[in-house]
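Have a look at the structure below, then the notes.
Here, residue 1 is the first one in the sequence, and each next residue gets the next number.
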Amino acid sequence: MDPQDHIGLLSVMPAALAIVLAFVTRNTVFSLAVACFVGVITLGNGLMGFPTLLKETLGTTSFSWILLLELFIGTVIAFFQRTGAIQNFTAWVERRALSRVRVQLVAWVMGMFVFFSDYFSPLFVGSTMRGLTDRYRVSREKLAYIADSTSAPVSVMVPITGWAVFISGLLIGMGPIENAAQAMGVFLHAIPFNLYAWLSVLVVGLVIVGIIPLFGPMREAERRAQEEGKVLRDGAEPLVGEELTEIPPYEGARTSLFWNFFAPVLVVIGVAVGTFIVMDSAKTMEAFLAASVFLGIVMRLQGIPFNDIMKTSMAGMKGVMPAIIILALAYSLNQLSKDMGTANYIVEATAGWLTPALLPAMTFLIAAVIAFSTGTSWGTFAIMMPLAVPLAFNFSGDMVTPLVYATVAAVAGGGVFGDHCSPLSDTSVLASTGAASDHIDHIKTQIPFALAVALLSLAAYLLLGLTL
């Protein structure tokens, strides 16, 4: 099948099936596996098509990167647990005599602070704040929402992230954009128009302080946590292994909050930001490898036996395996969607709607649908930027105008929305992992808020399109 082709309505069936089954069965692994199997059968690849899909998808550099990143993050979190760093951080925050609301605000600010990686941010916020939010009876679903809504929405607005480099790179060669500097200039001017990202981060803060009241499943989750003391619902399956959540601190070790918590975080930030400045690419995986090695050396100097350090590292890797399995199947489904032309079908079915006044709104809507169906924002950017931005330049007479900025921002925001609340999304999986929340419970409680922000953004883009 030609890359520009699709197989019609059948092309959306696997992704739609995975989403429906995930909500019905509450088992993401089963849902993704069934969707992949049905998809390869639909393509006519036979019974061996499923293992072949897994081999071809998972034997790639991109999946190896996320696999290693997850393993090293699991190791760092396990080291945090074994040295008592998280407990020490919790005690340090508690000494500030924070209220339940202020504890959530700390998580919100931390999510925005760790802007350089949408992978690290939800894991870091969830794992470091979980003990504290549990103590203040904040539901795991609420913590996952805070962590998820301050990761990708922030990363997509900061010019020194991989997101900015990727998006601006896609713009080179479009209209009058001839080089990377001009493309980054367009990205910078598009930031104020990225309504969904701005509103997502803002709404989290307003929900925390109570200006926006809780509604839908989130209200029930918070009622359960506050009145019954249950941060998880009965029967929930947290998306993190017990190996990672039940590691006790090593007795007698001479640990410190700085060397065992803040210093490793500074190593991660220093390597990630430093490599971005020097190499134009934030080496996040390498940053966590460096932090793992740094922490291992510190732990040995503090008197923790070498064998215990290695055992703790293995426990950390085992603890992130539930997330890795889901990510592996989600990657496979994403590849299957490419093979079936899912995005091409969605774009073709909606292409006739695009007019100058409707361009930003329709671009946002189509990008959101594609991202929700495939679980990938970057894939959505790669599909929608070459389609929507040239249209904007055509309408603007090949000039860089606010319509172009709004269109670029609409693609970025729509991609983040779909990726943000799709059960197939890697960042949503990582938010559930960090908060140790049931994955489907996280998705169900977050969607109403994300959808409300998306509808508000869509309405704003409609008004904006009429004025540009």
Can you see which heavy atom on [X] is nearest to which on [Y], and at what distance?
X	Y	value
Phe79	Ile309	CE2-O, 3.5 Å
Val408	Met385	O-CE, 3.6 Å
Tyr250	Gly303	CE2-O, 4.3 Å
Arg224	Ser139	NH2-CB, 3.8 Å
Leu195	Ser457	C-OG, 3.8 Å
Leu32	Ala18	CD2-CB, 4.2 Å

With the side chain counted from C-beta on, respond yes when [X] and [Y] share a heavy-atom pair under 4.5 Å apart, and no when they do not.
X	Y	value
Phe261	Thr128	yes
Ile191	Leu188	yes
Val138	Val231	no
Leu232	Pro238	yes
Leu295	Thr75	no
Val103	Met129	yes
Val38	Pro14	no
Gln81	Pro248	no

Check the pair Arg130, Arg140 against side-chain contact (heavy atoms from CB on, under 4.5 Å), reporting the backbone distance first and the verdict last.
-> CA-CA 8 Å; Arg130 191 192 316 135; Arg140 296 280 179 83; 3.6 Å; yes
If the condition is ring-ring contact (aromatic ring centres under 6.0 Å, His included), which residues does [X] pass it with, not counting sequence neighbours?
X	result
Phe193	none
Phe258	none
Tyr461	Phe364
Tyr405	His189

Walk me through it: do Ile167 and Val411 pass the test side-chain contact (heavy atoms from CB on, under 4.5 Å)?
-> CA-CA 10 Å; Ile167 291 173; Val411 174; over 6 Å; no
Test of understanding: with side-chain hydrogen bond (donor to acceptor under 3.5 Å, both in side chains), list the residues that count as partners of [X], not counting sequence neighbours.
X	value
Asn307	none
Glu56	none
Ser292	none
Lys230	Asp234

Nearest 0.5 Å, please: how far is [atom2] in [Y] from [atom1] in [X]?
X	Y	atom1	atom2	result
Leu462	Leu458	CG	CG	5.0 Å
Ser31	Leu329	OG	CG	10.0 Å
Ile447	Met218	CD1	CE	11.0 Å
Leu143	Ser127	CG	OG	9.5 Å
Leu58	Leu67	CG	CG	9.0 Å
Arg82	Lys311	CZ	NZ	7.5 Å

side-chain contact (heavy atoms from CB on, under 4.5 Å) between Leu71 and Ile324, intermediate numbers included = CA-CA 9 Å; Leu71 294 177; Ile324 288 174; 3.8 Å; yes
Quick one: side-chain hydrogen bond (donor to acceptor under 3.5 Å, both in side chains) pairs with a partner in residues 297-306, sequence neighbours left out?
-> Asn260-Gln302
Ring pair (Phe, Tyr, Trp, His ring centres under 6.0 Å): pairs with one or both residues in residues 136-156, sequence neighbours excluded = Tyr145-Phe449
Evaluate whether atom CZ of Arg102 has more than 12 neighbouring non-hydrogen atoms of other residues, nucleotides or ligands under 6.0 angstrom away.
-> no
Answer yes if the side chains of Ser437 and Glu141 hold a donor-acceptor pair under 3.5 Å, and no otherwise.
-> no
Sequence neighbours excluded, which residues qualify as salt bridge (charged side-chain N to carboxylate O under 4.0 Å, His left out) partners of Glu227?
-> Arg223
Can you list the residues that meet the salt bridge (charged side-chain N to carboxylate O under 4.0 Å, His left out) rule with Arg137, with sequence neighbours excluded?
-> none
Show your working on side-chain contact (heavy atoms from CB on, under 4.5 Å) between Leu336 and Thr57 and close with a plain yes or no.
-> CA-CA 9 Å; Leu336 188 62; Thr57 305; over 6 Å; no
Does Ser200 use its side chain to pair, donor to acceptor, with the backbone of Pro153 at less than 3.5 Å?
-> no
Apply the side chain to side chain contact (heavy atoms under 4.5 Å, CB included) test between Trp108 and each candidate in Val209, Val207, Val204; give the one that qualifies.
-> Val204
Measure from the ring center of Phe417 to the ring center of Phe372 and say whether it is less than 6.0 Å.
-> no
